[in-house]
Amino acid sequence: MVKIVGSFEVKDWDHWKKAFDDHREPREAFGIKTIYVGNEIENPNKVHIVMDTPSADTMQKFMQQPENSKVIAESGHIQETTSMVVCSD
């Protein structure tokens with residue numbers, strides 16, 4: 001297992017968080033466990049996450065699946081602001 005530490009911006013925190021929470025089951029079925037998700041106090045549309053995944057490329061494979069890609073786009077996730085770091089367990 002590896003940890004993914006990510007940061008990105010969203011259009012609206014409340015809208016994004018609901019979409020994220022509603023999409024929990026597909027993430028878990030893919031072997032992705034959420035350890036932490038939150039936003040900055042000074043900039044509520046700046047999100048930080050920590051996820052536990054089976055391998056370094058699990059998150060990328062998950063995000064590239066058409067059904068997941070659609071949910072991510074509709075959530076207001078601004079893809080070009082995404083920064084992900086793979087960390088050892």
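In what follows, residues are counted from 1 in the order of the sequence shown.
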**Prompt:** Looking at side-chain heavy atoms only, is the closest gap between Met1 and Thr53 below 4.5 Å?
**Reply:** no

**Request:** Would you please name every residue forming a ring-ring contact (aromatic ring centres under 6.0 Å, His included) with His23, sequence neighbours left out?
**Result:** Phe62

**Request:** Could you walk me through whether Met63 and Gln79 pass the side-chain contact (heavy atoms from CB on, under 4.5 Å) test, one step at a time?
**Result:** CA-CA 11 Å; Met63 292 175 74; Gln79 293 279 18; 3.8 Å; yes

**Complete:** When rounded to the nearest 0.5 Å, the distance separating OG of Ser7 from CD of Glu40 is 7.5 Å

**Asked** How long is the span from the OG atom in Ser69 to the CD atom in Gln64, to the nearest 0.5 Å?
**Response** 8.5 Å

**Message:** Between Tyr36 and His48, is the ring pair (Phe, Tyr, Trp, His ring centres under 6.0 Å) condition met? List the steps.
**Reply:** CA-CA 8 Å; Tyr36 170 80; His48 298 277; 8.0 Å; no

**Prompt:** Under 4.5 Å between any side-chain heavy atoms of Val86 and Met59, yes or no?
**Reply:** no

**Asked** Is any NZ, NE, NH1 or NH2 atom of the basic residue among Lys17 and Asp21 found under 4.0 Å from an Asp or Glu carboxylate oxygen of the other?
**Response** yes

**Complete:** Between the NZ atom in Lys33 and the CG atom in Asp52, the distance rounded to the nearest 0.5 Å is 6.5 Å

**Message:** Does any part of the side chain of Met51, heavy atoms only, come nearer than 4.5 Å to the side chain of Lys3, both counted from C-beta?
**Reply:** no

**Prompt:** Given the rule in the side-chain contact (heavy atoms from CB on, under 4.5 Å) test, do Asp22 and Lys18 qualify, once you have shown the distances and angles that lead to the verdict?
**Reply:** CA-CA 6 Å; Asp22 290 348; Lys18 180 175 179 351; 2.7 Å; yes

**Item:** Spatial distance of atom CG (Asp14) from atom CG (Asn39) [nearest 0.5 Å]
**Value:** 8.5 Å

**Request:** State yes or no: do Val71 and Ile4 share one hydrophobic cluster built from I, L, V, M, F, W and Y residues joined by side-chain heavy-atom distances below 4.5 Å, directly or via other members?
**Result:** no

**Message:** Within a 6.0 Å radius of atom CD on Glu25, are there more than 12 heavy atoms belonging to other residues, nucleotides or ligands?
**Reply:** no

**Message:** Side chains of Arg24 and Thr34, heavy atoms from C-beta outward: is any pair under 4.5 Å?
**Reply:** no

**Fill in**
For Thr82 and His77, the nearest pair of non-hydrogen atoms, with its separation, is OG1-NE2, 2.6 Å

**Item:** Minimum heavy-atom distance between Ala19 and Ser75, given as atom pair plus value
**Value:** CB-CB, 3.7 Å

**Prompt:** Are Val5 and Val47 connected, step by step, through hydrophobic side chains (Ile, Leu, Val, Met, Phe, Trp, Tyr) whose heavy atoms are closer than 4.5 Å?
**Reply:** no

**Message:** Taking Gln60's backbone N and O only, do any of them form a donor-acceptor pair with Asp57's side chain (distance below 3.5 Å, no angle check)?
**Reply:** no

**Prompt:** Cluster question for you: counting only ILVMFWY and a side-chain heavy-atom cut-off of under 4.5 Å, with indirect links fine, are Val50 and Phe30 together?
**Reply:** no

**Asked** Is the backbone N or O of Glu74 less than 3.5 Å from a side-chain atom of His15, with the two atoms forming a donor-acceptor pair by type?
**Response** yes

**Request:** Measure the shortest side-chain to side-chain distance between Pro26 and Asn68 over non-hydrogen atoms and say whether it is less than 4.5 angstrom.
**Result:** yes

**Message:** Are the side chains of Trp16 and Val37 in contact, using a 4.5 Å heavy-atom criterion?
**Reply:** yes

**Prompt:** Does the side chain of Ile49 reach to within under 4.5 Å of the side chain of Met84, using non-hydrogen atoms?
**Reply:** yes

**Item:** Residue pair Phe20 / Arg27, side-chain heavy-atom distance below 4.5 Å
**Value:** yes

